[in-house]
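Below: the structure, in structure tokens.
Owing to the predicted nature of the structure, the values given are computational and were not obtained by experimental measurement. What's counted below: heavy atoms across the whole structure, side chains too, no hydrogens, waters or symmetry copies. Count residues from 1 along the sequence.
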Amino acid sequence: MAGTALAPMDEHWMRRAIEVARSRGSDPSTSPLGCVIVLDGREIAAERNQTQDLPDATAHAEMMAIRRACEGIGEMELRGATLYSTLQPCGMCTMASIWSKVGRVVYGAGRDDVHPMYFEARHVDTLSFITDAYRDDITIEGSCLRAECAKLYYPPDADLPRDEQANL
């Protein structure tokens, strides 16, 4: 379900996610998405999009961070953890957050803040998805450092050649 207010440390952790997103460059064509997972006030995972590097279509920053966090704590569930993502999670990453029992998702830029190439054409609205989720103990908060996060990506009106646009 949608939450109501950002916590005092949210900007701190989102700045860390931005740092992770930029760790291998900041070219918007490479989808420099960063994700940090925090549990009990400490970082347990921090990953960048690795879809091209691996190559693996499922290697989104959130998916990689969830994998690392679970490996790190030796558990399949991340109850009580907060996942910070520089961009609104896609349907796959939202579902992974639900299944891994993340307690809270905080994202920076939303779908309307960036070029459509960053989302699948028939995007699942993550706010509605969380509201209708199998669990009622997960929240999602948007717009944390929204402008700073949006600068990582092409703006909504960028004139890009179609063959350079992912997901379209």
Side-chain angles (χ1 to χ4, degrees), residues 1-3 10 13-14 16-18 20-38 45-70 76-78 81-135 138-158 160 162 164-168:
M1 67 186 75
D10 289 335
W13 292 115
M14 188 60 73
R16 173 71 177 123
I18 291 169
V20 171
R22 292 183 176 144
S23 66
R24 297 188 61 204
S26 57
D27 181 348
S29 69
T30 64
S31 299
L33 198 146
C35 179
V36 172
I37 298 179
V38 176
E47 294 288 339
R48 184 184 194 283
N49 247 19
Q50 298 172 45
T51 54
Q52 296 297 320
D53 300 338
L54 291 181
D56 178 351
T58 68
H60 291 196
E62 299 95 334
M63 299 292 286
M64 299 303 291
I66 288 169
R67 289 175 188 148
R68 296 301 164 257
C70 290
M76 192 172 80
E77 296 183 355
L78 298 171
T82 299
L83 181 149
Y84 293 90
S85 179
T86 56
L87 187 61
Q88 183 177 349
C90 70
M92 174 181 69
C93 294
T94 299
M95 196 66 210
S97 298
I98 292 168
W99 280 103
S100 64
K101 310 287 192 279
V102 166
R104 187 166 171 254
V105 175
V106 177
Y107 67 87
R111 180 182 181 139
D112 295 335
D113 300 319
V114 300
H115 194 275
M117 72 175 271
Y118 297 108
F119 291 95
E120 57 274 6
R122 295 184 184 168
H123 179 68
V124 173
D125 175 15
T126 52
L127 294 175
S128 295
F129 199 71
I130 292 291
T131 301
D132 297 334
Y134 306 107
R135 301 173 30 225
I138 183 172
T139 59
I140 188 165
E141 311 278 350
S143 300
C144 181
L145 300 180
R146 176 182 176 186
E148 288 179 53
C149 289
K151 288 179 185 176
L152 293 167
Y153 313 101
Y154 288 118
D157 59 352
L160 303 172
R162 186 149 179 91
E164 292 182 22
Q165 298 180 43
N167 295 321
L168 296 179

Query - Stepwise side-chain contact (heavy atoms from CB on, under 4.5 Å) check, T82 with W13 - result: CA-CA 10 Å; T82 299; W13 292 115; over 6 Å; no
Query raised in the report: Which value, rounded to the nearest 0.5 Å, describes the distance between Q52 atom CD and S29 atom OG?
Result: 9.5 Å
Query - Side chain H60, main chain E62, donor-acceptor under 3.5 Å - result: no
Report summary line: Here the pair of heavy atoms bringing P32 nearest to A21 is O-CB, 3.0 Å
Query raised in the report: Are any non-hydrogen side-chain atoms of R16 and Y84 less than 4.5 angstrom apart?
Result: no
Report summary line: In this structure, CD1 of I37 is separated from OG of S100 (nearest 0.5 Å) by 6.5 Å
Requested in this report: Walk me through it: do H115 and Y153 pass the test side-chain contact (heavy atoms from CB on, under 4.5 Å)?
Outcome: CA-CA 7 Å; H115 194 275; Y153 313 101; over 6 Å; no
Query - Heavy-atom closest pair, residues S23 and V20 - result: OG-O, 2.7 Å
Report task. Answer yes or no: is there a side-chain heavy-atom contact under 4.5 Å between I138 and R104? Result -> no
Query raised in the report: What are the two closest non-hydrogen atoms of A65 and A45, and how far apart are they?
Result: O-CB, 3.3 Å
**Report entry** Test side-chain contact (heavy atoms from CB on, under 4.5 Å) applied to Y107 and T86, L83, I140, the passing residue
**Finding:** I140
Requested in this report: Using a 4.5 Å cut-off on heavy atoms from C-beta on, say whether the side chain of M63 contacts that of T51.
Outcome: no
Query raised in the report: Which atoms form the tightest heavy-atom contact between C144 and C149, and what is the distance?
Result: O-SG, 3.9 Å
Query raised in the report: With side chains defined as the heavy atoms from C-beta onward, is the minimum distance between P155 and V114 less than 4.5 Å?
Result: no
Query raised in the report: Can D112 and R146 be counted as an ion pair, charged N to O under 4.0 angstrom?
Result: no
Query raised in the report: When rounded to the nearest 0.5 angstrom, what distance separates CD1 in I98 from CE in M95?
Result: 5.0 Å
Query raised in the report: So how far is it from W99 CH2 to L78 CG, rounded to the nearest 0.5 Å?
Result: 14.5 Å
Requested in this report: Could you check Q50 against D56 for side-chain contact (heavy atoms from CB on, under 4.5 Å), going step by step and ending with a plain yes or no?
Outcome: CA-CA 7 Å; Q50 298 172 45; D56 178 351; over 6 Å; no
**Report entry** Electrostatic pair D53-R48, nearest N-O below 4.0 angstrom
**Finding:** no
**Report entry** Within 6.0 angstrom of K101 NZ, more than 12 heavy atoms from elsewhere
**Finding:** yes
**Report entry** Side-chain heavy-atom pair P89, V105 within 4.5 angstrom cut-off
**Finding:** yes
Query raised in the report: From Y118 OH over to N49 CG, what is the distance, rounded to the nearest 0.5 angstrom?
Result: 10.5 Å
Query raised in the report: If you measure from CG on L33 to SG on C93, what distance do you get to the nearest 0.5 Å?
Result: 8.0 Å
Query - Heavy-atom closest pair, residues V102 and A81 - result: CG1-O, 3.5 Å
